[in-house]
Amino acid sequence: IAVYVVEDSTMIRRQLVSKFTAICRRVDGDFVFYEHATVESILPIVDTFASRANVIVTVDENLDSTGGRLHGSDLIVDLVKANFLGIIVSVSGDEAISSDHQRLGADVLWGKPLPTTDEMLESLCRVYNMKIRRNRPSLPRKGGAFASAPS
């Protein structure tokens with residue numbers, strides 16, 4: 001599973017990668033991480049992964065601390081226009097922005113501080129059941145299907 005972390009804060013990027021690594025240990029499969037500090041850095045490659053269902057993109061809204069001029073909402077719009085088959089995760093500390101991201105097409109909303117690993121896995125499983133399994137069989141999970149919430 002490819003995980004694109006779009007976040008200007010190095011600390012939040014590290015936290016996301018750490019939590020996804022913990023999730024990876026609980027599922028059968030490997031995660032490959034790609035970190036982007038701006039929307040501008042990921043936009044040129046969206047077409048290379050948009051048609052793949054085994055992709056997760058986490059999106060922060062304001063990425064200006066690293067020189068980004070575009071916002072997370074711009075990326076979500078671009079992913080939707082590209083018919084992105086993966087999972088879009090909004091990562092924001094602002095409820096209004098989270099709501100806007102959901103309206104634009106985000107599948108999962110995570111606040112800041114980040115949810116627990118169990119909560120993250122549960123939310124990914126829930127959207128996977130609704131969105132991804134329509135197009136392909138479930139990924140195997142250690143002790144069961146990835147599409148099952150943790151016990």
Side-chain angles (χ1 to χ4, degrees), residues 1-24 26-27 29-136 138-139 146-147 149-150:
I1 297 174
V3 179
Y4 291 85
V5 179
V6 184
E7 169 67 59
D8 60 336
S9 165
T10 303
M11 181 184 73
I12 299 291
R13 279 199 315 266
R14 283 187 194 144
Q15 288 177 348
L16 283 162
V17 169
S18 175
K19 286 183 178 264
F20 272 110
T21 300
I23 289 170
C24 184
R26 296 170 62 181
V27 299
D30 294 319
F31 284 20
V32 179
F33 300 100
Y34 304 94
E35 298 180 34
H36 295 270
T38 65
V39 170
E40 288 86 346
S41 68
I42 192 172
L43 280 181
I45 62 168
V46 165
D47 289 339
T48 66
F49 63 79
S51 63
R52 295 180 20 221
N54 61 340
V55 176
I56 300 169
V57 178
T58 69
V59 182
D60 183 26
E61 178 63 12
N62 297 311
L63 301 123
D64 52 356
S65 75
T66 52
R69 293 183 182 195
L70 296 174
H71 294 91
S73 54
D74 298 314
L75 176 56
I76 293 170
V77 167
D78 198 64
L79 289 167
V80 170
K81 283 182 182 175
N83 295 313
F84 178 58
L85 296 178
I87 297 172
I88 302 171
V89 179
S90 168
V91 181
S92 176
D94 184 321
E95 286 185 35
I97 288 173
S98 294
S99 295
D100 193 40
H101 283 184
Q102 186 175 37
R103 181 184 58 76
L104 292 172
D107 302 298
V108 177
L109 308 176
W110 292 341
K112 292 179 185 174
L114 294 172
T116 67
T117 303
D118 283 345
E119 292 168 331
M120 292 171 77
L121 179 55
E122 183 178 335
S123 64
L124 292 171
C125 289
R126 188 172 42 253
V127 75
Y128 185 84
N129 275 330
M130 292 177 356
K131 183 175 183 177
I132 307 303
R133 285 183 69 195
R134 292 180 197 146
N135 299 323
R136 54 181 260 177
S138 65
L139 293 171
F146 177 74

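Computed from a predicted model, the values in this text were never measured in an experiment.
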Worksheet, complete the sentence: Exactly one of Glu95, Glu61, Glu7 clears salt bridge (Lys or Arg N to Asp or Glu O under 4.0 Å) with Lys112, and that residue is Glu7
Fill in: Contact summary for Val46 and Ala82, nearest pair of heavy atoms
CG1-CB, 4.0 Å
Worksheet entry | Spatial distance of atom OH (Tyr128) from atom CG (Asn54) [nearest 0.5 Å] | 8.5 Å
Fill in: Heavy-atom pair with the smallest gap, counting every atom of Glu40 and Gly68
OE1-CA, 3.5 Å
Discussion item. Counting only heavy atoms not in Lys81 (residues, nucleotides, ligands), do more than 12 fall under 6.0 Å from its NZ?
Written reply: no
Response to the item:
What one should report as the nearest heavy-atom pair of His101 and Ser73 is NE2-N, 3.8 Å
Practice prompt. Output yes when a side-chain donor or acceptor of Asn129 lies under 3.5 Å from a complementary backbone atom of Arg126, and no otherwise.
Written response: no
Worksheet, complete the sentence: Between the CD1 atom in Ile88 and the CG atom in Leu109, the distance rounded to the nearest 0.5 Å is 11.0 Å
Worksheet item: With a 4.5 Å limit on heavy-atom distance, are the side chains of Leu16 and Ile12 in contact?
Response: yes
Discussion item. Would you compute the distance between atom CD1 of Ile87 and atom CG of Leu79 and round it to the nearest 0.5 angstrom?
Written reply: 12.5 Å
Fill in: pair Asp107-Phe84: side-chain heavy atoms closer than 4.5 Å
no
Worksheet item: What pair of heavy atoms forms the shortest contact from Ser123 to Val108, and how long is it?
Response: OG-CG1, 3.6 Å
Worksheet item: When you look at Thr38 and Asp8, which way does the side chain to side chain contact (heavy atoms under 4.5 Å, CB included) test go after all the steps?
Response: CA-CA 6 Å; Thr38 65; Asp8 60 336; over 6 Å; no
Discussion item. Test side chain to side chain contact (heavy atoms under 4.5 Å, CB included) on Thr117 and Leu121; report intermediate values, then the result.
Written reply: CA-CA 6 Å; Thr117 303; Leu121 179 55; 5.5 Å; no
Worksheet item: How long is the span from the CG atom in Asn62 to the CD1 atom in Ile97, to the nearest 0.5 Å?
Response: 5.0 Å
Practice prompt. Would you name the heavy atoms of Leu63 and Gly72 that are closest together and state the gap between them?
Written response: CD1-N, 4.0 Å
Discussion item. Any heavy-atom pair between the side chains of Leu75 and Leu43 that's under 4.5 Å?
Written reply: yes
Item to complete: Could you grab the distance from atom CH2 of Trp110 to atom OG of Ser92, nearest 0.5 Å is fine?
Response: 13.5 Å
Worksheet item: Could you walk me through whether His36 and Ile45 pass the side chain to side chain contact (heavy atoms under 4.5 Å, CB included) check?
Response: CA-CA 11 Å; His36 295 270; Ile45 62 168; 4.0 Å; yes
Item to complete: Give a yes or no on whether Arg52 atom CZ has more than 12 heavy-atom contacts from other residues, nucleotides or ligands under 6.0 Å away.
Response: yes
Discussion item. Just so I know, are the side chains of Val39 and Asp78 near enough to count as touching, which here means a heavy-atom distance under 4.5 Å?
Written reply: no
Worksheet item: What's the shortest heavy-atom distance between Ile42 and Val6, and which atoms?
Response: CD1-CG2, 3.7 Å
Worksheet item: Distance from Asp118 atom CG to Ile23 atom CD1, nearest 0.5 Å?
Response: 9.0 Å
Discussion item. Val55 vs Tyr34, test: side chain to side chain contact (heavy atoms under 4.5 Å, CB included). Steps then yes/no.
Written reply: CA-CA 11 Å; Val55 176; Tyr34 304 94; over 6 Å; no
